[in-house]
Amino acid sequence: MRLARAPFVIAIAWMAFALVTPPLAAQVNTDNIAQQDSTRVGGVIYDSQGNPMPKVEMWIQNDNAPADRARGRSRATGAYLVRGIGRLFTERDMAGIMLRLTFEAEGFESLVLRVAAPVNTYTELSPILAKPGEDLSAMRPSLMLRGKVSRGGKKGIRDIVVTVSSPDDPELAVQATTAKDGTYEVLLWGAPLSLVVTATTGSDEQTKERSTGGQPVHDRVSVIQQDFAF
């Protein structure tokens with residue numbers, strides 16, 4: 001696989017993940033958080049080739065109060081969802097929490113990531129684990145291109161073809177079809193700096209140019225949103 005020239009591409013229609021909450025092993029203070037807290041963090045764990053990784057062990061901590069921690073594990077699909085994060089909150093975290101997540105898998109380097117999680121929201125984090133000696137910085141960054149095709153910015157349109165290409169990489173040409181609610185999702189492994197995203201509805205067509213530039217991130221999958229309104 002030539003990651004620097006012909007990126008590995010996965011295109012899937014967007015759907016909500018049906019995940020089972022990983023077991024939480026820690027007993028932590030919940031006195032300062034309402035019982036109805038719905039703060040969550042989740043995503044998919046990948047290796048450097050873009051393969052989802054099952055059974056990855058995770059440790060979740062409050063980065064400002066790391067003494068207490070919760071434990072979780074990714075599912076067979078590589079997806080994970082951590083709930084009950086409110087148990088890790090302190091009085092300083094009523095608006096949100098800075099989480100420290102540690103990912104561990106046999107044959108891979110441990111990875112520690114920090115992410116801000118606002119209270120009662122879902123925060124997406126999809127890490128990339130490397131084997132010993134692998135240099136992820138030598139790869140082009142990977143990203144998730146996600147969006148919705150709708151009429152007037154409201155009702156989604158199903159079965160619309162969304163095409164992704166790039167002037168920087170003539171070999172990149174991938175298509176995704178919108179789901180029933182009009183949403184689509186494309187995972188680009190080793191994405192070029194510039195993207196051209198086109199949505200076609202019968203005789204109508206819209207094209208958007210997007211840049212993936214900026215400070216490159218190699219230890220997680222970045223997310224870009226591109227919507228279309230007809």
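Heads up: numbering here begins at 1 and tracks the sequence. Just so it is clear, the model here is predicted, and its values are computed rather than measured.
- At a threshold of 4.5 Å between side-chain heavy atoms, the hydrophobic network of Ile, Leu, Val, Met, Phe, Trp and Tyr places Ile45 and Phe108 in one connected group.
- Between Pro52 and Val44, the shortest heavy-atom distance links the atoms CB-CG1, 4.2 Å.
- With hydrogens and angles disregarded, no donor-acceptor distance shorter than 3.5 Å links the side chain of Ser150 to the backbone of Gly152.
- Scored by the side-chain hydrogen bond (donor to acceptor under 3.5 Å, both in side chains) test, Gln206 finds no partners at all (sequence neighbours excluded).
- Counting only heavy atoms from C-beta outward, the side chains of Met58 and Val82 approach each other to under 4.5 Å.
- Contacts classified as side-chain hydrogen bond (donor to acceptor under 3.5 Å, both in side chains) and involving residues 107-117 (residues at least two apart or in different chains) are given here: Asp63-Arg114.
- Judged as a side-chain contact (heavy atoms from CB on, under 4.5 Å), and not counting sequence neighbours, the contacts of Ser137 are Asp135, His218.
- Considering Glu134, Lys131, Met53 as possible partners of Asp47, the one that fulfils the side chain to side chain contact (heavy atoms under 4.5 Å, CB included) test is Met53.
- Looking only at side-chain heavy atoms (C-beta outward), Val174 and Val186 come within less than 4.5 Å of each other.
- Under a 3.5 Å cut-off, the side chain of Ser74 and the backbone N or O of Lys55 do form a donor-acceptor pair.
- Here Ala65 pairs with Asn62, Thr90 under the side-chain contact (heavy atoms from CB on, under 4.5 Å) rule; sequence neighbours left out.
- Here the two rings, on Trp189 and Tyr46, have centers that are under 6.0 Å apart.
- Put simply, the side chain of Glu205 reaches to within 4.5 Å of the side chain of Thr198, judged on heavy atoms.
- Residues passing the side-chain contact (heavy atoms from CB on, under 4.5 Å) test with Pro54, sequence neighbours excluded: none.
- Remark: the Ser166 side chain and the Ser194 side chain contain no N/O donor-acceptor pair separated by less than 3.5 Å.
- Put simply, CG on Leu188 and OG1 on Thr212 are 9.0 Å apart, with the number rounded to the nearest 0.5 Å.
- Contact record, Leu129 with Ala105: CD2-CB, 4.1 Å, taken as the closest heavy-atom pair.
- Taken to the nearest 0.5 Å, the CG atom of Leu195 stands 7.0 Å off from the CG atom of Leu172.
- Between Glu124 and Ser126, the shortest heavy-atom distance links the atoms OE2-OG, 4.2 Å.
- Thr102 is linked by a side-chain hydrogen bond (donor to acceptor under 3.5 Å, both in side chains) to nothing, counting only residues two or more places apart in sequence or in another chain.
- Considering all non-hydrogen atoms of both residues, Pro66 and Arg100 come closest at CB-NH1, 3.8 Å.
- Here Tyr122 contributes atom OH and Arg83 contributes atom CZ; the two are 10.5 Å apart, rounded to the nearest 0.5 Å.
- To the nearest 0.5 Å, atom CZ of residue Arg92 and atom CG of residue Asn64 are 5.0 Å apart.
- Residues satisfying the side-chain hydrogen bond (donor to acceptor under 3.5 Å, both in side chains) criterion with Glu104, sequence neighbours excluded, are absent altogether.
- With rounding to the nearest 0.5 Å, the separation of CG in Leu187 from CG in Leu145 is 10.0 Å.
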Can I get a per-line list of side-chain donor-acceptor pairs under 3.5 Å for residues 153-164, giving both atom names and the distance, sequence neighbours left out?
| unit_1 | atom_1 | unit_2 | atom_2 | d |
| --- | --- | --- | --- | --- |
| Thr163 | OG1 | Gln175 | NE2 | 3.3 |

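- By the criterion of side-chain heavy atoms lying less than 4.5 angstrom apart, applied directly or through intervening Ile, Leu, Val, Met, Phe, Trp or Tyr residues, Leu113 is grouped together with Leu88 in one hydrophobic cluster.
- In this structure Thr121 satisfies the side-chain hydrogen bond (donor to acceptor under 3.5 Å, both in side chains) test with no other residue, sequence neighbours excluded.
- In this structure, OG in Ser142 is found 11.0 Å from CG in Asp219, a value given to the nearest 0.5 Å.
- Between Asp169 and Arg140, at least one side-chain N (NZ, or NE/NH1/NH2) sits under 4.0 Å from a carboxylate O, which counts as a salt bridge.
- Hydrophobic clustering of Ile, Leu, Val, Met, Phe, Trp and Tyr side chains at less than 4.5 Å, counting indirect connections, keeps Met98 apart from Leu125.
- Remark: side-chain polar atoms of Arg146 are not paired, donor with acceptor, to backbone N or O of Met144 under 3.5 angstrom.
- Taking every heavy atom of both residues into account, Thr178 and Val149 meet most closely at CG2-CG2, 3.8 Å.
- With contacts defined as side-chain heavy-atom distances shorter than 4.5 Å, the pair Val56/Tyr80 does not qualify.
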Result block: side-chain N/O donor-acceptor pairs under 3.5 angstrom for residues 221-230, not counting sequence neighbours:
| unit_1 | atom_1 | unit_2 | atom_2 | d |
| --- | --- | --- | --- | --- |
| Gln225 | NE2 | Asp227 | OD1 | 2.9 |
| Gln226 | OE1 | Arg210 | NH1 | 3.2 |
| Asp227 | OD1 | Lys148 | N | 2.8 |

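- In terms of the side-chain contact (heavy atoms from CB on, under 4.5 Å) criterion, residue partners of Thr39 (sequence neighbours excluded) are, by chain and number, Asp37, Ile85, Phe89, Ala117, Val119, Asn120.
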